[in-house]
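Here's the structure we're looking at; comments come further down.
What you see below is based on every heavy atom in this structure, not just the backbone, and it leaves out hydrogens, waters and symmetry mates. Since the model is a prediction, treat every value here as computed from it, not as a measurement. Residue numbers begin at 1 in each chain, while the letters A, B, ... track the order of the sequences.
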Amino acid sequence: MKSFEFFEPTTLAEASRLFAEEHAQLLAGGTDLVIGMKALTETPQSVISLQKIPGLAGITTETDNSISIGATTKVREVELSADIQQHHTALAEGAAEIGSIQIRNLATIGGNIAHASPAADTVAGLLVADAQVDIASADGERTVPINELFTGPGQTVLTPGEIITRFRLPSPASGSHYIKHKIREVMDLAFIGVAAAVNLDNGTITDARIGLAAVAPTPIRATEAEDLLKGNAPTPALLEQAGEAAAAASSPISDLRCSAEHRREMVDVLTRQTLQQALERASG
Amino acid sequence: MSEYTVVGQTVARVDAVEKVTGAAQYGADVHPPGMLYGKLVRSKHAHANIRSIDTSEAEKLPGVRAIITQDDVPSGRRVFATDKVLYLGEPLAAVAATDPDIAEEAAELIKIDYEVLPVVQDVMESIKPSAPRLHGDDTKDGPNRREISGQIRKLSRDKENDHSGEISKLEAELEAYPDEVYYNISAESHTEAGDVEKGFAESDVVVEDTYVIPRVHQTYMEPHVSVASADSSGKVTVWASTQGPFAIRSGIAGTLGIPLTQINVIGTTMGGGFGGRFGVIITHVPAVLLSQKTGRPVRVQMTREEEFTDGRPAPGCVIKLKTGATNDGRILAREALAFWDSGSVSGASIGSTIRVRGVYKIPNLKISAYGVHTNKSGTAAYRAPGAPQAIFAGESQLDEIAERIGMDPVKFRLMNMREEGDTVPAGGEEPKVGYKETLEAVADAAGWWDREAGENQGWGVAVGDWTNGCGPGGVYVSVHEDGSARIFHGSMDITGTDTAISQIIAEILTVPYESVTIRRGDTDSAPYSTGSGGSVVTFTMGNTAKLAAEDAHRRVLELASERLNTNVDNLELKDGEVHIISAEPPKSISLGELAAYSLSTTGGPIVGKGSFARQASTPALAAQIAKVEVDPSTGRTRVLKLVASQDVGFAINPMAVEGQIEGGTVQGYAWAMMEEMQYDENGNVNPGFVDYRVPTSADLPTVESVIVEVPAPNGPYGAKGVGEPPITPTLATMANAVKDAIGVRITELPIKPEKVVQALKSNGHSV
């Protein structure tokens, strides 16, 4: 590890000012950053801890069941939150897929998102929750919808000094689910991740959202597939069309984990399976 | 009820407390005063000529104390690459610095000018004439071509009989193999028994397939580490995490030209070995060289990434296998042609191709095996070296035959298994081994005979054989005035062998296990001991310990005879006391009293010595059954049941034996389902546990172990080596279970979801 300066600011403004400098990195849980620093793929000159800034962690639920998750909330807390399990099952399931319990007790949801890995396990759940991402800097605050946050692998719309402070999840869908395609039962990275959230009204799908991870340079929504579903009754044929549309929306790569062809096929298969599960939850 | 009181019982390991409390000293815990940190400078290309190595920038970095290259190896033996590198990560130099980060930075500052060369990673590409040659002209004729040519020459020389018909037939055969000339060959091995062509001709069913097994790493938890300290007198001390301190001593002596007994190797607690911890060059030699140059102790410790790029893993291989059998289930012939991926040097366990013969009466057998160079690091042993690969091919194909002739896979195996006195194809006479007992035991325990399988579920069975090694060892045992016994020896504890040795001594001296303690010496103090690999330790050191305890036992009776004024024939040692047999009233004297008395005798203290080197070993069998469920839509396989039986001869410590069975089976499962070192033209591309997957406990149900005991005539209490056999059948067990579940045979490991989906599609399934 290269040597670096370490800061523990107590205000967001101070953190933002430090973070706006060149070669600065934010430290939340450190489960990505520290590994990168040890491997010399990250060589920050200054590391700014978010630990001492009040109000950045915690989950709050409003009366309309909208939920707000602070950026430095531990992934384990997201996984175990009864409200998230109930209203945003896909997000809780995604959180439960990250690393080991020890890792999840350190890692933060903000870190998982800000790292901008296309394979992040919480991202598909946030996509189908239509999460709004609150961002703060020394210059003020702004909000970006999660599906507009990412610009490429490891790349976001965040400008120097901007810090994610919270994720706001509007009123929930009635059923959601996340499936991760992997080899190992636990502690594996997503070969692909698929989340679906649906609302059902009298047997008709009134709203459907599909989030895909690790099948494109950024996490994506499969909007064509969503449009096919909306206003229709869920039939096996419809789900099959949705799976195909989601696969068509993906642009996966071949790498050492598997081929692009397999990833695309699995988007099709798992979109169907995820939707099926989400629909069962919505009607249950 | 066993006739024994300590052996055959589950006891806590002698090192349990120090392991659990963290008190055990591993290599990285060794930190002599003034220690420097060594770092190897490694090639960034998989195949390249080296134009120059410039260390000048690195030398200027404050804290750097030494930089060495091949020029600093006085013996000239190759430690570092000089003009050419053959794999990514091959060492070119080493740095010693006051801090690990400085050493790492210095390593990065060394400028190496490469001329990049074409790379070959696939053995089947490497044997082609178009492949880049790694070591000049390593070329071999193919087996068929060479042998047929030989036969033609032989027949042509025989002028008296007209062989023109036979010759033209052979020439036609030769035509069929016009390209069988292999390149980049590092070694070869050929075995033949009977006449395979005749065997295939007489067979009703002949199956031929190509099996591909990946290179896998031993993935011991502790990466390679050594600390070396050379003093001004030339004496070298090495703390080494190794399976064989004496082999390391002779290895360092041979490589660096240091007198043997000027080197003291201290074996540190081993964080797993599995056969991969014998190599002398990897860290030990660079550490010694750096210490000699700086006059300070130096630690060289590999990272996990370095383990993957420059460890010595198990070789992958490609095996073309052909088997012929009759419709009533007799195997008549088997032929194998194997290409083992030896990496940049020779050394792959190609001789293990013989394991395709299994434990069956195969009258006609023919095996040709080649080691093939590729741009990877060399290989080393991994738990029954070569056997899991060969047995994967052999046992996969047996199931294909069983299916074609409509015979139950267990019955088919039982019917063909060798029995005592049978001829082992290309290998002498079969001793008494529990082949059938072991297979029957696993079938009964797993519920094979009334097995049920739901949709996409399947059952697989396979067996694997292995014979433990044997080697020299020495043990001393002393009895103290408090009646306790202390053992002194020099073999590294692996998988609880110190515990087994202690149990044997306690048994013979009739003292409680708790009153026996065991100490390991270094190579300066302890008698020579063979390395702890090849399942040798309990067999070798158990026999040695037995001899030492028996020697002490003799001295005990001798002392008692003096004290009790009776002939030794009237005495017996029991429960830590020597009794006069059937004396009335009873008369006895304790071991402690005898030890105290011994101190004032002419004969002196009670010291037993055991020294042992060779005895014939007996084969062991591992038999396993798995039940799996495959999700045909995603290709993921879940293990529902995994049962493993093993003929262990005699289980000295049953819980430790079960631990070995479970551990080996899980490693076999991992090789079958997920482990694979992946390479591209740049070298290893998955040098870490993110993309080199080893299973966690969540991937498997508890392995059910079944111990079978058919004693080995020369083993201590009949014990056989237990460490290696359990990994041998699991690869095939898994592949056979997957085949039973989905009807498609996977011949290329690991059985990853993508492969299953592809196989199903090629078989006409839609996802």
### Salt-bridge present (B:E305, A:K38; N to O < 4.0 Å)
no

#### Entry: Carboxylate-amine/guanidinium proximity below 4.0 Å for A:D188 and B:R693
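A salt bridge is present here (some side-chain N lies under 4.0 Å from a carboxylate O).
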
### chain B contacts, top residue of A:Q273, A:K182, A:K2 (heavy-atom pairs, under 4.5 Å)
A:K182

### Message
I'd like to verify something: which residue of A:H262, A:R257, A:E261, A:R263 has the highest number of heavy-atom pairs under 4.5 Å with chain B?
### Response
A:H262

#### Entry: Under 4.5 Å from a heavy atom of chain A, the part of B:P695 involved
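The answer is the backbone of B:P695.
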
### Task
Indicate yes or no: at least one non-hydrogen side-chain atom of A:L40 is less than 4.5 angstrom from one of B:E104.
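Yes - at least one pair of side-chain heavy atoms lies under 4.5 Å apart.
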
Smallest separation among heavy atoms of [X] and [Y], with atom names:
{"X": "B:V757", "Y": "A:M266", "value": "CG2-CE, 4.1 Å"}
{"X": "B:N686", "Y": "A:L256", "value": "CB-CD1, 3.6 Å"}
{"X": "B:R636", "Y": "A:I183", "value": "NH2-O, 3.6 Å"}

### Summary
Among B:V690, B:D691, B:V685, B:T303, the residue with the most heavy-atom pairs under 4.5 Å to chain A is B:D691

### Query
If only atom types and distance count, is the side chain of B:D699 paired as donor or acceptor with the main-chain N or O of A:E185 below 3.5 Å?
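Checking the backbone N and O of A:E185 against the side chain of B:D699, a donor-acceptor pair under 3.5 Å is found.
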
### Query
Does A:E5 CD have over 12 foreign heavy atoms under 6.0 Å away?
no

### Message
Tell me whether the count of non-hydrogen atoms from other residues, nucleotides or ligands lying under 6.0 Å of CZ in A:R184 goes above 12.
### Response
yes

#### Entry: Interchain contact, A:H181 with chain B, by part (heavy-atom threshold 4.5 Å)
side chain

### Query
Do the side-chain N and O atoms of B:E754 and A:S259 include a donor-acceptor pair separated by under 3.5 angstrom?
yes

#### Entry: Neighbourhood of chain B inside residues 109-122 of chain A, taking heavy atoms under 4.5 Å as contact
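Residues in range: none.
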
### Task
Kindly compute the distance separating CD (B:Q758) from CD (A:E265), expressed to the nearest 0.5 Å.
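Going from CD on B:Q758 over to CD on A:E265, the span is 8.0 Å.
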
